[in-house]
Amino acid sequence: MKICKSILLVEDDDDIREQITEILSEEGYQVEAAENGKIALDYLKACSAEHLPGCMILDLMMPVMTGKQLMEITLQDPLFKHIPIIVASAKGSPSEDLLNIQGYVEKIKKPMDIEELFRVVETYCGKPAGP
Amino acid sequence: MKNDQFLKKFNQSEQVGDGFFQLDQHWIFTRVNKVLERELKLSREEILGRQFQEIFPQRNFEKYESVMVERVPETFIDHNPERDTWTEVNAYPEDDGGMAVFYHDLTPQIRAENKTKLNEERLNAIFQYSTLGINLFDLDGRFLDANPAFCKMTGYPVEDLRNLHKSDLTFQKDLDKSKSLFERLVRGELPSYQIEKRYTRKDGTWFWAQSTLSSIRNISDEVSSIVALTEDITDRRRLEREVHNERENFRNLFRQTPEMVCILIGPEHRFEFVNEAHIKALGFDATGMTVREAQPESVQIHGILDEVYRTGETALLKEIAVDVGTSLRYFDLTYAARANDLGVIDGVMILGTEITDMVIGRDKLKAAVSARTEFLSVASHELRTPLTSLKLQAQSMRRNYASGKADAFSPEKIKKLVEINERQIGRLTRLVDDMLDFSRIESGKLTYRKVEGDLSKNLQEVFEGLKEQLDNAHCETSVAFESNIRGVFDFPRIEQVLTNLLTNAMRYGKGRPVGISLTKKNHEAILRVKDSGPGIEVADQQKIFKRFERLVNPSEVSGLGLGLFISQEIVEAHGGTIRIESKMGEGSEFIVSLPLGGHTK
């Protein structure tokens with residue numbers, strides 16, 4: 001079994017952030033939540049190498065620092081660039097923002113299915129140890 | 001002839017250069033004078049003793065023979081057809097049966113006479129058969145003679161004309177035209193003059209004619225009569241007028257047409273004709289200038305003109321931007337070579353249709369379509385956020401229910417779930433309301449139901465309803481509501497305005513104080529909402545009231561960007577105003593003034 005690492009959730013909507021955190025936590029994952037790219041980056045910088053998250057669920061449209069801006073930084077960073085990024089975007093149309101973004105491993109579209117959320121998390125972070 | 005007579009004549013003959021010879025009865029030369037010797041280039045010895053016909057084979061022998069036979073003196077003209085010479089001959093019979101002959105060369109006189117006769121014949125032919133009218137006046141201007149062409153032109157027989165004065169045939173209005181010129185001609189001050197005037201015909205009708213009048217001088221060089229050559233130019237004038245009118249018509253059409261028209265002449269493309277539209281488009285009249293002088297910047301146009309002038313091929317250009325100093329204007333341009341009578345290209349004609357409005361309109365339309373697309377994209381994003389929350393909730397509950405997780409349905413959990421639901425449903429509702437309002441404003445179908453009521457109380461309630469959100473956003477609030485401000489309003493709409501302003505204050509000034517006040521001043525209610533956000537640049541302060549307008553990148557802040565647009569619409573529908581006072585770094589204050597009377601839009 002893959003060693004389960006934590007999940008970094010970056011989402012500006014308070015309700016959604018809380019809901020996903022709770023859903024994944026109940027499933028047995030360890031979830032770190034940040035309400036924008038800046039807070040997420042600060043968290044990553046404060047992490048020791050072995051505690052870096054196993055994957056990142058990233059909203060794109062956020063104040064202070066957008067998902068895209070965060071990705072541009074982490075993908076250039078030798079420590080952070082290996083963290084798989086799952087983009088969770090509410091953009092309806094294939095807008096420019098999304099088309100220009102590269103470097104994510106998977107994209108889930110809001111409103112997402114809870115089962116899909118579990119599937120991608122399991123793919124990149126492994127099965128949880130259990131609640 | 002008596003001997004002394006003869007001698008006298010003989011001596012004379014040598015002096016005046018007349019020829020003389022004497023023949024005997026056998027036609028043998030017996031005497032000759034020096035004139036004959038010179039004429040024949042023979043010496044006396046070579047002539048004497050020879051026969052008449054041997055020396056003069058061409059002479060009119062019969063005439064001489066008649067003198068010799070009839071024995072009477074005779075004078076006759078002898079013509080030598082070979083040399084075309086004329087001689088006056090005086091032949092006298094002599095007593096010895098021979099004759100004496102004196103002769104005199106008449107060739108110069110005869111030739112001059114013949115020439116005059118020929119000239120007269122020619123002149124007469126011209127006079128009779130010319131299509132030009134020819135007539136003679138005496139010095140008083142009376143007709144002396146006229147040729148058939150002149151008679152035909154004027155309808156007068158020549159015998160009628162001889163009783164008429166030139167003024168009788170001149171159109172009344174043209175009488176003064178030539179009077180003084182004619183007088184000068186008569187006085188010998190002018191050799192001739194030309195005039196265009198109208199002639200009156202015998203039947204009273206008139207025609208345009210061009211006449212050339214010249215003086216004729218007699219042998220003592222005095223002006224004796226006047227000759228006039230007259231040409232009917234009615235047709236020519238009509239044709240000229242038609243051509244002129246046609247050209248003027250075209251020029252007038254070109255002058256006034258909204259299309260830009262100009263004609264350029266020569267290889268340097270000099271403006272020969274420009275119309276009003278061209279002057280307007282360029283901002284000045286370029287007549288007389290070359291294109292390179294008038295439009296030095298339009299290098300593209302110079303090249304095209306050179307090419308059209310060189311090849312003669314028409315060039316069509318679409319949507320050419322012309323910098324007219326203050327702005328760019330757009331034209332569809334046609335360049336066509338112009339050829340002269342010989343088919344040689346001597347210029348270029350330009351026809352330009354201004355399409356600035358079309359281009360600007362199209363660009364505006366593009367911008368509008370793009371803004372709408374952006375709006376739909378933002379709207380769909382905004383709708384997906386509450387939907388995501390609700391869907392996660394529903395799926396999570398189903399999962400917990402299926403797996404029989406009792407603690408997932410504890411009263412605390414349920415309370416929290418309901419709160420999330422209400423919040424997200426409220427958010428969905430507001431989004432849908434905003435979109436609907438926007439659509440109604442766009443189509444002019446937003447209606448207001450205004451009633452009399454207490455504005456203070458209503459807005460206080462709105463604030464109370466938002467208090468919890470303000471607290472959650474950590475916005476400290478200071479409130480100053482003047483009570484009992486009454487007026488006629490669509491209250492739900494005015495409440496919407498305050499909600500919008502407070503939502504904005506929370507959104508942009510999160511965690512910082514918000515101040516709200518409502519006061520009454522001169523029959524107006526003044527509502528102020530002040531945040532402590534980043535503030536808005538003066539240049540951007542009007543933009544924020546436009547639809548879809550948000551100063552912040554849409555990927556950073558949620559919302560449709562319609563709040564202030566709708567608020568302004570509502571306030572203005574109540575006859576009020578909404579404005580902003582803001583300084584960078586010091587926050588923004590929105591000030592709404594509402595007349596209490598209840599204006600109707």
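Throughout, protein chains are lettered first and strands after them, A, B, ... in sequence-line order, and every chain is numbered starting at 1. When reading the values below, keep in mind they use all heavy atoms of this one structure, side chains included, and skip hydrogens, waters and symmetry mates. Source: prediction; values computed, not measured.
For the pair A:D15 and B:K416, the minimum side-chain heavy-atom distance is 4.5 Å or more. Contact check for B:R399 versus A:E115: side-chain heavy atoms found under the 4.5 Å cut-off. Side chains of B:N400 and A:E26 form a contact here, defined as non-hydrogen atoms less than 4.5 Å apart. Looking only at side-chain heavy atoms (C-beta outward), B:T388 and A:E11 stay at 4.5 Å or farther from each other.
In this structure, no portion of B:N472 lies under 4.5 Å from any heavy atom of chain A. Residue B:E419 does not touch chain A at all, counting heavy-atom pairs closer than 4.5 Å. At a 4.5 Å heavy-atom cutoff, the contact between A:I114 and chain B is made by backbone and side-chain atoms alike. Contact annotation for B:R423: only side-chain heavy atoms (C-beta onward) come within less than 4.5 Å of a heavy atom of chain A. At a 4.5 Å heavy-atom cutoff, A:N36 makes no contact with chain B through either its backbone or its side chain.
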Item to complete: Decide yes or no on side chain to side chain contact (heavy atoms under 4.5 Å, CB included) for A:E22 and B:L392, but give the supporting numbers first.
Response: CA-CA 11 Å; A:E22 191 174 322; B:L392 283 172; over 6 Å; no
Worksheet entry | Derivation and outcome, side chain to side chain contact (heavy atoms under 4.5 Å, CB included), residues A:M112 and B:K391 | CA-CA 8 Å; A:M112 74 271 276; B:K391 188 171 174 181; over 6 Å; no
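Not a single donor-acceptor pair under 3.5 Å links the side chain of A:K110 to the backbone N or O of B:R384.
A donor and an acceptor atom, one from each side chain of B:S396 and A:Q19, are nowhere located under 3.5 Å apart.
Around the CD atom of B:E476, the shell of radius 6.0 Å holds no more than 12 heavy atoms that belong to other residues, nucleotides or ligands. Remark: B:R398 CZ is loosely packed, at most 12 non-hydrogen atoms of other residues, nucleotides or ligands lying under 6.0 Å away. The number of heavy atoms from other shown groups lying within 6.0 Å of CD (B:E464) is above 12. More than 12 heavy atoms of other residues, nucleotides or ligands shown are found within 6.0 angstrom of CZ on B:F409.
Applying the side chain to side chain donor-acceptor pair (under 3.5 Å) test to B:K467 and every residue at least two apart in sequence or in another chain returns B:D471.
When all heavy atoms of A:I16 and B:S389 are compared, the closest pair comes out as CG1-CB, 3.8 Å.
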